[in-house]
Student: 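Once you've had a glance at the structure underneath, I'll fire off some questions.
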Amino acid sequence: MEYAITTDNLSKNYGTFQALKGIDLRIPKGSFYGLLGPNGAGKTTTIGILTGLVNITSGSASILGYDVVKQYKKSRSLVGVSPQELNFDPFFPLDELLMLQAGYYGIKRKDARDRAMELLKQFGLESKINVKMRQLSGGMKRRVQIAKALVHDPPIIILDEPTAGVDIELRHMMWDYLTKINKEGKTILLTTHYIEEAEKLCDTVAIIDQGEIVIEGNPPDLIRKMGKNMICVRVNEWDTKKTLDNWDYTVVNNQLHIQTKTPDMDMPVLLNQLSKLQVQVLEVVVKKSSLEEVFIKLTGKSINV
Amino acid sequence: MFNIGFLTLVRREVFRFLALYKQTLVPSVISSGLYIMVFGQSLGSRIGPIKDVSYISYIIPGLAMMSVINNAYQNSSSSMIQSKFLRFIDDILVTPLSGLELSTSYILGGAVRGSLNGILVLLIGMMLTDLNVNSWPMTFLYIITVSWTFAALGVIIGITAENWDQISVFTNFIFMPLTFLGGVFYSIDMLPEFWRGISQVNPLYWMINGMRYATLGIYDTSPLLSLLISSAFAITFTFVASIMFSRGYKIKV
C-alpha cells in the first residue's frame, strides 16, 4: 500500500518532558485520517514535525516517501497545513495573502491569482477580497486559514482543529467540502475536539494519549470492539421471579438494561421473548456506544477537557 | 535560489515597507533635511572646511549612512519579530524555502529599504547643498553592502529578540553612539591620537569613511579596506542568519 504519511519511532522531547514517545503512523494515500487525543497528547507536535515547525528528537517521518528532514523541499511542497492557532499577516488583504502563500510554494502569480479567487469563492469570501484578516469574524478567519492550506493544491492536507470556534452551519459546509476533496483524491489528516466530526468524516482514527498511540482503526470497528451498546426496555411491571435467558441485563425501576454488541439485530428476539413472558412493553430505546465512550475508556479523560 | 518562492517573500518584504512609507521612507527625509539645515547651514557656516570640502557637504555621506543603517536594521528586525509574535512566520516555515532563501529574503527587504533611504538622503543633500556625488557606482556599492550588513544583523536580532525593547536597545545603545563616534559629523583626524586609535575598531567608522570616499572623493583611511570590512560583516551576518533559520533557532521548537 502506498502511504501518504509515515512515522517511525518518532519521538520528541521538550527538555525532560517526552511529548512523543516513539510513534509509528501509517496513513494510506487517499484516506481521511483522524488523530484524536486530549490536550497535550502530542497531536500538534506530530503535525509540527510533519510540516517542519518542530525539530525531531529521534525517529523519522516522511511524506509520500520523502523524509521530512533530508528531503524537506519535496516533502513540504506536498503538504498544506492549517494550524490550530489562527495566525495572519496583518499587512495584506485576503487575495494578496493567498497569492503570497501560493507564491512561497513556487506557484506563478497568475496561477496563484486564479487559485486564490477560486478558493475565496468556494469559502464564500468573494465580498472580502480587499479586506484584511483583522477585520474578519472568527469563522471567516478560520476559512481563510484553511484556504491558505489548500492554495497550492497539495495532495496532502493537514488540518489541526479546523472547526474550533466555528458555527454549526460553517462546520457542515466545511465537512461537505472536505469530504468532496477527499473523494477527489486528497489525503486528509485531521485533529479535532469534536468526536462527532471524526466519526462522521474519518475512515480511520488513531487515539493518542501522553505521546503514544493507544488504538487505531475505523470508527465503527473501534466502537464494536471497545464500546458497549444497550437496549433499554421500560415495562409495565417486572416480576423479579421472571428471568431473561441468555442476556446480560440489570433491572432498575421496571426498566431493563440489556447489554449487547448488536442491538439492532437482537431487538426482535428480545421483544419476542418478553412477549412470551407476558410482559407489557411501554418503551424501547437503543443506546449505542459512541467513539467518545471509546475515547474516555482508553484515555480516562473526556476529549473536551 | 532565485526561484518563485524566494522572490515572493522578497516581494512581500518590499511591499510591506512600501505600504508603510510614512514610517519607513518619509522620516529619514525629514530628519536628514533637518540635520542638513541645523548642523550644516547654521552651525556649519562657523566651522571651516574639512579636507577642502565644506562642512555641510562633509556630513551628508555620514547622514546617508546613518539612515541606511537604521532603516535596514529596523526593517528586517521588526518584520522578523512581528511575524514571530503574530505567528505568521509558521506560514513561511512550512513552505519548501531553505534557511538561506528565507534569511536572504528578509535581508533583501531591509537592504532595499536601507538603500532607498540612503539614496533619498543623498538626493535631499543635492537639493539643499551644492553636493556633487563623486562616483555613483561606488556610492551604490557602499550603500548596498552596508544596508545588507545591517539588514542581516536585523534578522539575527529579530530572531533572537523576545520583545520590541531588545530591538531598540541596539538602535539606541549601540548603533547611535557608534555612528556618531564613527565620524558622521567630524573627521577622525581632528581627534587626539588616543581616540583616533579607538575609533579605528569601530566598524561604522570604516563604513562611513568608505561612503565619504564614494560621494566626496575624500577619505581618512583606505576605501578598499572599508569595502572589505563591510563585505566581511555582510557575509558573516548572512551566514549566521541562514544557520539560525535552518536550525529554527527560537522560531521552531
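Since the model is a prediction, treat every value here as computed from it, not as a measurement. Each chain gets a letter, A, B and so on, in the order the sequences are listed, and its residues count up from 1.
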Student: Under a 4.5 Å heavy-atom cut-off, does chain B meet the side chain of A/L50, its backbone, both or neither?
Tutor: neither
Student: Using non-hydrogen atoms and a 4.5 Å limit, figure out which bit of A/V54 sits close to chain B: side chain, backbone, both or neither.
Tutor: both
Student: When you look at CZ of B/F170, are more than 12 heavy atoms from neighbouring residues, nucleotides or ligands closer to it than 6.0 Å?
Tutor: no
Student: Heavy-atom distance under 4.5 Å between the side chains of B/F88 and A/M133, does that happen here?
Tutor: no
Student: With respect to chain A, which residue among B/N3, B/I4, B/L97 yields the maximal number of heavy-atom pairs within a distance under 4.5 Å?
Tutor: B/I4
Student: In terms of heavy-atom pairs under 4.5 Å, which option from B/I251, B/L9, B/I89 contacts chain A the most?
Tutor: B/L9
Student: Taking everything shown except A/R26 itself, do over 12 heavy atoms lie less than 6.0 Å from its CZ?
Tutor: yes
Student: Looking at B/S105, B/G5, B/G248, which one has more heavy-atom pairs under 4.5 Å with chain A than the rest?
Tutor: B/G5
Student: Heavy-atom count check: over 12 atoms from other residues, nucleotides or ligands less than 6.0 Å from A/Y66 OH?
Tutor: no
Student: Count the heavy atoms belonging to other residues, nucleotides or ligands that lie under 6.0 Å from OH of B/Y21, then report whether that count exceeds 12.
Tutor: no
Student: I need the minimum non-hydrogen distance between B/D91 and A/N87, along with the two atoms involved.
Tutor: OD1-ND2, 3.4 Å
Student: Is the number of heavy atoms from other residues, nucleotides or ligands under 6.0 Å of B/K252 NZ greater than 12?
Tutor: yes
Student: Please indicate whether A/K70 has more than 12 foreign heavy atoms, meaning atoms of other residues, nucleotides or ligands, lying under 6.0 Å from its NZ.
Tutor: no
Student: Would you say CZ of B/F239 has more than 12 non-hydrogen atoms from neighbouring residues, nucleotides or ligands within 6.0 angstrom?
Tutor: no
Student: Any side-chain heavy-atom pair from B/R11 and A/M99 closer than 4.5 angstrom?
Tutor: no
Student: Given a strict heavy-atom distance threshold of 4.5 Å, which part of A/K12 is in contact with chain B: side chain, backbone, both, or neither?
Tutor: side chain
Student: Which region of B/L20, side chain (C-beta onward) or backbone (N, CA, C, O), has a non-hydrogen atom less than 4.5 Å from a non-hydrogen atom of chain A, or is it both or neither?
Tutor: side chain
Student: So A/V79 and B/V94, do their side chains get closer than 4.5 Å, heavy atoms only?
Tutor: no
Student: Identify the residue among A/R76, A/K73, A/Q101 that makes a side-chain contact (heavy atoms from CB on, under 4.5 Å) with B/T95.
Tutor: A/Q101
Student: Has A/K21 got more than 12 heavy atoms of other residues, nucleotides or ligands less than 6.0 Å from its NZ?
Tutor: yes
Student: Measuring from A/R134:CZ to B/L86:CG, what's the distance to the nearest 0.5 Å?
Tutor: 7.0 Å
Student: Hey, does B/R12 have a side-chain heavy atom less than 4.5 Å from the side chain of A/Y104?
Tutor: yes
Student: Name the member of A/A149, A/G80, A/P90 that forms the most heavy-atom pairs with chain B at distances under 4.5 Å.
Tutor: A/P90
Student: Under 4.5 Å from any heavy atom of chain A, what part of B/S83 do you find: side chain, backbone, both or neither?
Tutor: neither
Student: So does B/R247 get a backbone contact from the side chain of A/N55, meaning a donor-acceptor N/O pair under 3.5 Å?
Tutor: yes
Student: Kindly give the heavy-atom pair with the smallest separation between B/P96 and A/Y105, and that separation in Å.
Tutor: CD-CD2, 3.5 Å
